[in-house]
There are 2 protein chains.
Amino acid sequence: MMSTKKNYTRETILKAAWKILDESPRASSRMSDIAKEAGISRQAVYLHFPTRAELLIATARYVDEVYEIDERLRKSRNATTGKERLSAYIEAWGNYLPCVDCMASAFLAMPDDDDAMAAWNDRMAEVRDGCLAAIEALAADDDLTASYTVEQATDILWMLLSIQNWQLLTVKCGWSQADYVSHILEIAQNVLVKNC
Amino acid sequence: MMSTKKNYTRETILKAAWKILDESPRASSRMSDIAKEAGISRQAVYLHFPTRAELLIATARYVDEVYEIDERLRKSRNATTGKERLSAYIEAWGNYLPCVDCMASAFLAMPDDDDAMAAWNDRMAEVRDGCLAAIEALAADDDLTASYTVEQATDILWMLLSIQNWQLLTVKCGWSQADYVSHILEIAQNVLVKNC
DNA sequence: CGCTCAATTGACACCGTGTCAACTTTACAC
DNA sequence: GTGTAAAGTTGACACGGTGTCAATTGAGCG
């Protein structure tokens, strides 16, 4: 099969892009840098990805696959009570955030690219769906505080679990990953769970 | 005085930059766009500001001056009790955020410019100082929850009041400005104030 | 009048993205 | 083996945005 080789190169490029983004925290990840890392010519990258934005989108998907984030989040839905589900979701997503930090930075650095922003917003919308499911489970147990509607509580949880907040607390404030998860969990419970 | 004319043009440019950033929510604010808005040639902008980054930094300062944010925040320090001071600070800063949203977006869109990021980090550090002062006032009244150290509580308040959270709740979730302020205040009190 | 400084025009270098054409390599099919 | 098609290479180029430079214009002022 010819396509085998093509797929192999494609994955090589994705790995290279991931590595470059991961290593150069806030440096410029040019197409030429990624190509060099992948051991091919800059132009060859365009044989597999039409634009830089598409490459980043594909890389984000690839990272998701490698870390099996879908499965991680699905497991958090198995919790029986709403409270357990809330903490399982926060723990699952909160511990995934450091893995996608580099991808998030790359996307947020190109806010004027419509394709990239659409892909990013899709991903974030999925996270909000997860938040909504957790909040609804909490509401079903009548454990959701009366201060907020389900929508508002979802928005607040979504906000707490944003990558920007993770970056602020861990990168800028120097919190450990464990502190981040435990304190965000504490805040969420404090704000969203009834008689807590 | 010759410098009068120069200062006048300088301010014209700053106003133009402000307007362009404000109007084009996530469009490209090129030097040529700003120059056109100011009614001068693109090259003339460089007679007043060496780089685009410096222009943005100066524009941010100009916006601060116009809105007299320093004075607004200073007033929040006049509150007598720690609790009052916390709510005064949240209200003052929270209601200033919509004014600087466009500037924030501009800075966050150029994360690889060292000068711009340094300027932005300075501004954010000042906000954190304000948070720290409010938390210390709370601690002085023995109204700070025992769950966090002063530093941790400051970090949490800083996180809650970040521009990214404001953008998320108002722009993406559609919250009104009033809802934003009141709910962030409620969350902060819930999380940070003892027996609340 | 002559000086100075702001501003203008037009040109250019640099850099990164994306495209194109021509050529080479690889691998498989017959 | 030889032919063919796809993958990859090199070199060149257009485009857009930033920043620089030189030559020129124009207004204000002693």
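Note: hydrogens, waters and symmetry copies are ignored here, and every other heavy atom, side chains too, is used. Numbered from 1 within each chain, the chains take letters A, B, ... in sequence-line order. Every value quoted in this text rests on a predicted model; they were computed, and no experiment measured them.
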Item to check | 4.5 Å side-chain heavy-atom contact, Leu21(B) and Leu56(B) | outcome: yes
Checklist entry - So do Leu108(A) and Trp120(A) actually touch side chain to side chain, heavy atoms under 4.5 Å? => result yes
Checklist entry - Can you check whether Ser32(A) has a side-chain N or O nearer than 4.0 Å to OP1 or OP2 of dG16(C)? => result no
Next on the checklist: Distance check needed: dG16(C) P versus Lys36(A) NZ, whole Å only.
Outcome noted: 11 Å
Next on the checklist: I need the CG-P distance between Leu55(B) and dT18(D), as an integer number of Å.
Outcome noted: 11 Å
Item to check | Base dG19(D) to side chain Arg42(B), donor-acceptor N/O within 3.5 Å cut-off | outcome: yes
Checklist outcome for this item: Arg42(B) and Ser32(B) have their tightest heavy-atom pair at CD-CB, 4.0 Å
Item to check | Heavy-atom closest pair, residues Leu160(A) and Ile184(A) | outcome: O-CD1, 3.9 Å
Item to check | Strand contacts (DNA chain C) in residues 43-54 of chain A, 4.0 angstrom heavy-atom criterion | outcome: Gln43(A), Tyr46(A), Pro50(A), Thr51(A), Arg52(A)
Next on the checklist: Please determine whether residues Leu47(A) and Met31(A) belong to a single hydrophobic cluster, defined as Ile, Leu, Val, Met, Phe, Trp and Tyr linked transitively by side-chain heavy-atom distances below 4.5 Å.
Outcome noted: no
Item to check | With Lys194(B), the side-chain hydrogen bond (donor to acceptor under 3.5 Å, both in side chains) member among Thr145(B), Asp142(B), Asp143(B) | outcome: Asp142(B)
Next on the checklist: What is the distance, to the nearest angstrom, from the CZ atom on Arg30(B) to the P atom on dG19(D)?
Outcome noted: 14 Å
Item to check | Separation of atom CZ in Arg10(A) from atom P in dG8(D), rounded to whole Å | outcome: 13 Å
Checklist outcome for this item: Whole-Å distance, Asp112(A) CG to dT17(C) C1', equals 13 Å
Item to check | Spacing between Leu56(A) atom CG and dT17(C) atom P, to the nearest angstrom | outcome: 10 Å
Checklist entry - Roughly how many Å is it from CG in Asp115(B) to P in dG19(D), rounded to a whole number? => result 11 Å
Item to check | Value in whole Å for how far the C1' atom of dG19(D) lies from CG of Asp113(B) | outcome: 13 Å
